[in-house]
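This report refers to the structure that appears directly beneath it.
None of the values given here were measured: they were computed from a predicted structure.
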Amino acid sequence: MKFFRRFRRRTLFGRNSFSKSNASSGFFGSPSSRPRRSRRGTNFVTARDGMREEQFTRRAIMIGGFQALLFSSLAARLFYLSVIDSSRYSTLADVNRVGLKLLIPPRGRIFDRYGEKLAINRLNYRVMLVREQAGDVAATLDALSLLIEVTDSDRQRVLHEIENKRSFVPVMVRENLNWEEVSRVELNVPDLPGLTIDVGQLRHFPHTFAVGHILGYVGAVSESDQAALGGDDPLLELPDFRIGKNGVERYYDPQLRGTAGASRIEVNSVGRAVRELSRIEAVPGHDLQLNIDIGLQEYGNLLVGDQSASVVLMDVKSGGILTMISAPAFDPNVFSSGVSPQVWNELISNPKHPLTNKSTSGLYAPGSTFKIVTAMAGLENGAITESTEMACPGHYDLGDSRFHCWRRGGHGIVNLQRALKESCDVFFYETARRVGIDKLGETARKFGFGKAVGIDMPSERGGLVPTRNWKQANYGIQWMQGDSVTAGIGQSFLQVTPLQLAVMMARLVNGGKAVTPRLKRQLIPNQAKNGGASPNHIGKEMVGQYDALKSTKISEADKAGGQFADLGFDPNHVQAVMRGLIAATNEPNGTAYAARITDAGMEMGGKTGSAQVRRISKYERERGIRPQESIPWEQRDNALFVAFAPIDAPRYACSVVVEHGIHGSWAAPIARDLLRQAMLRDKLLAGLGHEQPTPNNDGDDANPKPVTPPVAAPAPAFSPPISAPNGNDAVE
């Protein structure tokens, strides 16, 4: 028992806990201060209390240090938020208080070469409805329908939108109101709670059908548009914003679009506008001036009438497109505010395809107009000379195949000039065989066939100039000489656009220069109207460029645009082909002699063509080919004509394609009258001493004041024969 007590003391207090020194002045103090209790019990309790006191002290220090660290962190964070990062949180607070509204910029205007307005922005009066002010929306719409037309679709759309928008957000009921409708609504506004008249902008095309395919149209931004445009412009997200969908409006959309303005609006807790804090005005898009002559454009439309056709007139020196007609056309105004299902169905079901720009996207066999390329290929490659003669018995035999000339009895002995003049097929069959498809295709590509010529419009098609590899890849058979023979007269697999035909003629008569067609005459930057400050950063350099453009005359711009690469044609060969084209229109027996221009100094040269769209069987040839007028319209031959004028100093090139127009001589009068009109207008302008002005940039659609030359009377009407004399198969 005594041993156990010693062991316990040593375990609790250590071996030397009760040494003499400790006993006198150690842990338990002096002997005189000890309580009078049992020696063993008193020592144990006092030691335990001391340990508790020591533990409490350590814990208090730890807790105090933690509290000090916590409060220091809170103080540092408070200092960071209120002092260092105060601007950021001030901005976030303003975001809850201030709303930013984008302002749609006016779209840039489009003018013709004389300053005539082709596309402008018109005021768009709209009826807007605010649900929280209207009360009974259905009753309000019923009352409005007594004043203006509100269709069932309009009513359903409004009811759907007000369910998905806040009660104070306006919803459009109807747009594009005329002045009479606006007046009726305004007079009855006190009795129409929640309804107001709002004024927006609507794209307007004053010349309607005449410019449909050139300018295209504008429309709302779709998801595919946002993906294609990258989505960087916040304007694309606005529901009322319109972009170019086709034609020039689409090609030059980034320049015409302008730059958005901004309005800072103070809003309350539910998002209702309280007041406007500041505003930066939107910057209008750049104005665009085209080479198009709207007078000639409308005149050409009158010449075409209701036919399905394409007409292109271009300047052979500068490449400027004066006229580009695709008939029938469409009115781009119907797309500005949304085309109705009925109108859309009529457009897409029309067999003459009014939505297709035939000038740039229509593909046709070039027919005998391609003989110009065959002649140049023969001369350039030494296969023929200008004096080469061939016999034309009315057909051409190659192996077991026989290829017919359009004149059943043949042309007799012909040289190059007579072959072009009378469009002898046999001469060009043999020339193409001698040249071969490789060299023929090479020359065709120099003239602009086989690929897009690069006009500033979207959706241009390049056509087809076939090669040996192309036929092998697409048909699995090798190229035959018969393919080259038919290609020599513009048939076979060849496909071209009317624009390419005009480019071919321009490249021939301008001395063999690789002229490129262009619609744009100049782009005029718009300056901001808010004291010169411009969100799209139009600097002094751009302003200076704008001033220079305003003072530039059209004639000088024409000269500057004529720098094109040389195609490498021998000038003698070019002149030889041109002599044949001049003979075709100005000498008796020429295929276009009946459509010649008789005005002195305005004579034209040209080449007719007719391209089959169906194969004539041997059975039909032996028993007589049916007259074109007796077969369905869509099976008749296409009529083509290419021309240039005047012959002494060529300035204009023209191509005409009349779908299923039977003979090239049907297309020739259209080109004749259009070329004559262009030259008469030039003389009238020169006689009046007028320069072709550029539009100003004052932002007023009442300006610029166009200088439009008068339209001269057309040449006497011409009616080509229905069938060729002497029993011939066709009239070229």
Side-chain angles (χ1 to χ4, degrees), residues 304-311 326-327 351-353 356 358-359 362-374 394-396 403-408 420 422-426 428-429 463-464 485-498 500-501 584 590-592 594-595 606-643 655-671 718-732:
V304 171
D306 61 354
Q307 300 179 94
S308 180
S310 166
V311 181
S326 178
K352 295 183 178 180
H353 307 291
T356 300
K358 299 178 177 65
S359 297
L363 295 179
Y364 308 92
S368 292
T369 61
F370 193 77
K371 292 174 181 177
I372 296 172
V373 176
T374 306
H395 59 269
Y396 179 81
F403 302 89
H404 295 270
C405 184
W406 71 268
R407 178 175 289 176
R408 184 175 300 175
L420 287 170
E422 301 182 20
S423 196
C424 175
D425 291 333
V426 171
F428 293 101
Y429 285 148
L464 174 65
V485 165
T486 54
I489 63 165
Q491 295 286 167
S492 186
F493 304 103
L494 284 166
Q495 288 187 322
V496 304
T497 66
Q500 289 174 331
L501 290 173
T591 55
K607 182 73 191 73
T608 55
S610 60
Q612 294 177 0
V613 296
R614 69 183 184 96
R615 185 178 181 85
I616 299 176
S617 65
K618 182 179 179 181
Y619 176 87
E620 189 176 355
R621 286 191 180 277
E622 291 175 350
R623 287 161 178 77
I625 300 175
R626 289 180 296 168
Q628 292 278 320
E629 292 75 14
S630 66
I631 62 179
W633 175 81
E634 63 275 7
Q635 295 182 14
R636 300 173 185 175
D637 295 347
N638 291 327
L640 304 96
F641 186 70
V642 293
S655 71
V656 179
V657 176
V658 179
E659 287 187 341
H660 315 297
I662 305 176
H663 310 307
S665 51
W666 279 99
I670 297 175
F718 166 72
S719 298
I722 298 301
S723 59
N726 303 323
N728 292 330
D729 290 343
V731 175
E732 280 283 341

Rounded to the nearest 0.5 Å, how far apart are [atom1] of [X] and [atom2] of [Y]?
X: S368; Y: Q491; atom1: OG; atom2: CD; result: 8.0 Å
X: W406; Y: T591; atom1: CH2; atom2: OG1; result: 7.5 Å
X: K358; Y: S308; atom1: NZ; atom2: OG; result: 3.5 Å
X: Y429; Y: K371; atom1: OH; atom2: NZ; result: 7.5 Å
X: F641; Y: I670; atom1: CZ; atom2: CD1; result: 11.0 Å
X: R407; Y: D425; atom1: CZ; atom2: CG; result: 11.0 Å

Smallest separation among heavy atoms of [X] and [Y], with atom names:
X: A595; Y: P669; value: CB-N, 4.1 Å
X: A584; Y: L420; value: CB-O, 3.9 Å
X: A667; Y: L640; value: CB-C, 4.0 Å
X: K607; Y: T369; value: O-CG2, 3.8 Å
X: D306; Y: K352; value: O-NZ, 2.8 Å
X: Q495; Y: L363; value: OE1-CD1, 3.7 Å

Q) Is there a side-chain contact between C405 and Y396 (heavy atoms, below 4.5 Å)? A)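 Not touching, per the 4.5 Å side-chain cut-off.
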
Q) Going by heavy atoms in the side chains, are T486 and F403 under 4.5 Å from each other? A)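 Side chain of T486 against side chain of F403, heavy atoms only: contact under 4.5 Å found.
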
Q: Could you go through the side chain to side chain donor-acceptor pair (under 3.5 Å) check for S359 and S310 one step at a time?
A: CA-CA 6 Å; S359 297; S310 166; 2.8 Å; yes

**Q.** Heavy-atom donor-acceptor pair, N638 side chain to H660 backbone, under 3.5 Å
**A.**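 Flag set: sc N638 to bb H660 pair under 3.5 Å.
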
